[in-house]
Amino acid sequence: MLDNDSLTKRYTEIKRKLFDKAYGHLNSKQREAVFTVNGPLLVLAGAGSGKTTVLVNRIEYMLRYGNTYFSEKIPLDIDEEKISELEKAQSLSPQEIKSVLDGVKTSVIKPYNVLSLTFTNKAAGEMKERLVKALGSDGAEGLWAGTFHSVCLRILRRFTEQTGYSEGFTIYDTDDQKKLMLSVIKDAGADEKMFTPRAAIDFVSACKNELISPDEAKQKAAEFREEKLASFYKEYQKRLKTANAMDFDDIIVRTVELIGKNEEIRDYLQGKFRYICVDEYQDTNHAQFVLVTLLAEKYGNLMVVGDDDQSIYGFRGADIKNILSFDKSMEGAKVVKLEQNYRSTSSILDCANAIIKNNTGRHDKKLWTENGEGEKISLKLLGNQSEEADYIAGKIMELREKENRKLSDFAVLYRINALSNTLEGAFARRGIPYRVLGGQRFYERKEIKDILAYLCVINNPQDNIRLMRIINEPKRKIGDATVDAVKTLAEHYGKSMFEIMENAEQYTAISKSAAKLKDFTRMILGLREIASGDTVDVLIDKVLDFSGYRAMIEALDREDGRNRVENIGELISNAVLFMQSREEATLSDFLEEVTLVADIDNYDPDAEAVVLMTVHSAKGLEFPVVFLPAMEDDIFPSGKSVYSSEEMEEERRLAYVAVTRAKEKLFITHVRERLLYGKTSYYRMSQFVKEIPDELLSESKNGEQQRKFPAGAFGAVRHPSKPKAEISGEFSIGASLAQKTVSGAERFSAGDRVQHGVFGSGTVLTVTPAGSDAVYEIAFDNAGMKKMMANYAKLKRI
DNA sequence: GCAAGCCCAGATAGT
DNA sequence: CTGGGCTTGC
């Protein structure tokens, strides 16, 4: 007996030593998080503390060794000899130790028992990639990794029947939501001044995030306004259902509902997802909290990672309490704090700490680093937004020259998308390749939305909102009166507009237009046939022909028309790439991708271009050199937040996120006057910048004395934009390696400078082969990023 | 039913 | 400054 006990003890000891060595690239806290597989676990991960590394290593460890580290089991064949073998293994390399451990592990977890919820699809993709690298191609087979929305949608698609929706249901984006809500408000005869669609949608969204049903909202309503909003909510929901559509929030809510009320499905999913990991937990809302706790109910193996200081999605319903009280709501939760920062210089870290310490109600933690002090933070005051943009562009040129930096080293992060314009202009003038993420997204352009609306109606003819968008686009002589009549009939008979239109001659109100309406439905049904047999890119091509859309845009004046043709070309390129990336991609999959995939998911950190994005988008990313323009009160913090201390704290967390993106250099700029939304105003330095101690700055902020001048002192000074001297010519990336193809069209490689008929000059950023064709991603000097097919692009080398 | 033109509100962040 | 909604005159 005694003997056995001591054997167990020696085995356990050496086993843990070996695991510590095998995962020696992690610090002890990180390892603790990695090896803690069972039970609830909260990992408080400060900025740059290796959170992603922990997540990936933890899943890799789970799949490979189960719970071996903390397990009290010992392998059956363990004996003196085996133990001395293990002792000798200590001197081996981590990789070799891992193989040795394979021989003594006492458990293993199957990938299909693991659910990993990440904040972006990109993070999920990278996680899978790294797991495949570590465990081989089928080592992660069956593991679910994705965003809350994509994972829930996957569940909803699988169990569509039990949700009350029907096959092919569609997702309404913010725009569609507004349209639908507007019609609800109008039909209710409510005062449109008092109830804007936006406010009603916000109300609905807030309810959904808290899992409040329309009826509950009505009961809770304390006064007239809330009662009204609740009734809009009810009607809105009803119409969504008729259109076989869900909004973004529904994706989560309907999943919670499904799991909550269907015992069989709940059992199945709880049994399946025995191990659940949630990244960016500080940005989950109540509905998401309920979802994960429900899924984890049976096994209790719920791991959440996050940083309360980086909670920046309050406006979307994120509830910081989820992370602040995880250890209280989950009994027996273990808490691991990661406080060593591996990303930034101590100057940058001190700067971030100086800002965030002004917030109250945080989890107590102190971030530290072994990285050197590095350079001081640069703070610069400029006259106006053009000077600011020129300053940033100039700095980038300078650092490229002096420090031999790559363009991908630089990021410009701002509070609001509206600030990107001036910056783009400055980069374009100097021929600096750049890419803008977010903002007016590609999929929000009119012609793109139109084509997608066709695809939606083809996929789901009940989709009334999309149907109304395209029914007379291009013009088919179907006017508002007819559309209204169809809509009314549909509501009256509880049918979709499409169904009414199919039988138009049976209704006197629309019988005069019956022929036109039926032409339309026939066209859609015809396209449905094509959709069932052909790929999406082919389908789009047919849509353009059959609908007359192509003819319509080709008839437009040249510049406008060509631009739209090009944009649609880009949509087709995206469809080609998408079909290629999936084995069996359906139209439904494509539409889902288009609505759920964020700009940031396509961000390639190695592409040779400066990147411009909002601070929100930059969450989780890091860059050697970061510029923070427009650090001014009213912009950052937003003027809309000043009246609420909670919102101010969120702004400050956002500032913290902004600063902690930087690894080596941080440039903060602000201006005296700024042209924004069509009017020029005077701005003062951001209060957050004032919170940075002078000794961290390369230039004293007191030196600027800006507050002492009356605003007018700088008035009326025009700052003409800098001469457009340096034009692209001097600028090139690497050597050009042109390849000729058999087809005769010259092929280009990344880095080549090219000329395009519509967009002018640009730089090829990436080349993705696609069958006999290829997709170019090109940064145009004056037209931004475009994707185009090599065989059709008509590019000239310059 | 349609196109042109006027008017006015709205412009934080994003799945 | 922009885009969408509305009016107006055909």
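A, B, ... follow the sequence lines: proteins, then strands. Residue 1 opens every chain. All values reported here derive from a predicted model rather than from experimental measurement. Any value given below was found using the heavy atoms of this structure, including those in side chains, with hydrogens, waters and symmetry copies removed.
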Exercise. In terms of side-chain geometry, is the basic nitrogen of A:E651 or A:R415 positioned less than 4.0 Å from the acidic oxygen of its partner?
Worked result: yes

For this session: State whether A:D173 and A:K449 are salt-bridged, where the test is any N-O pair (Lys NZ or Arg NE/NH1/NH2 against Asp/Glu carboxylate O) under 4.0 Å.
Result: yes

Exercise. Is the CD atom of A:E646 crowded by more than 12 outside heavy atoms at less than 6.0 Å?
Worked result: no

Exercise. Hey, is NZ on A:K446 packed in by over 12 heavy atoms from elsewhere, all under 6.0 Å?
Worked result: yes

For this session: Identify, with sequence neighbours excluded, every residue that meets salt bridge (Lys or Arg N to Asp or Glu O under 4.0 Å) alongside A:D247.
Result: A:K208

For this session: Return yes if a side-chain donor-acceptor contact under 3.5 Å exists between A:N567 and A:E447, otherwise no.
Result: yes

Can you tabulate the close N/O pairs, meaning under 3.5 Å, that link protein atoms to atoms of nucleotides 2-10 of chain C?
none

Pairs of donor and acceptor atoms involving the side chains of residues 312-319 of chain A, under 3.5 Å and at least two apart or interchain, shall be tabulated with distances.
from, atom 1, to, atom 2, distance (Å)
A:D319, OD1, A:K321, N, 3.0

Seminar exercise, completed: Once base and sugar-phosphate atoms are separated, protein heavy atoms under 4.0 Å mark nucleotides 10-15 of chain B, 5' to 3', with B, S and - as -BBBBB

Show each protein N/O and nucleotides 1-7 of chain B N/O combination with a separation under 3.5 Å, one pair to a line.
from, atom 1, to, atom 2, distance (Å)
B:dG1, OP1, A:T482, OG1, 2.7
B:dC2, OP1, A:K477, N, 3.0
B:dC2, OP2, A:N472, ND2, 2.9

Exercise. Parallel, tilted or perpendicular for A:F195 and A:F232, by the 30°/60° rule?
Worked result: perpendicular

Problem set entry | Results of side-chain hydrogen bond (donor to acceptor under 3.5 Å, both in side chains) for A:T669 - residues two or more places apart only | A:E388

Exercise. Between A:R445 and A:D450, is a salt bridge (charged side-chain N to carboxylate O under 4.0 Å, His left out) present by the stated rule, with each step listed?
Worked result: CA-CA 9 Å; A:R445 288 170 205 185; A:D450 286 346; over 6 Å; no

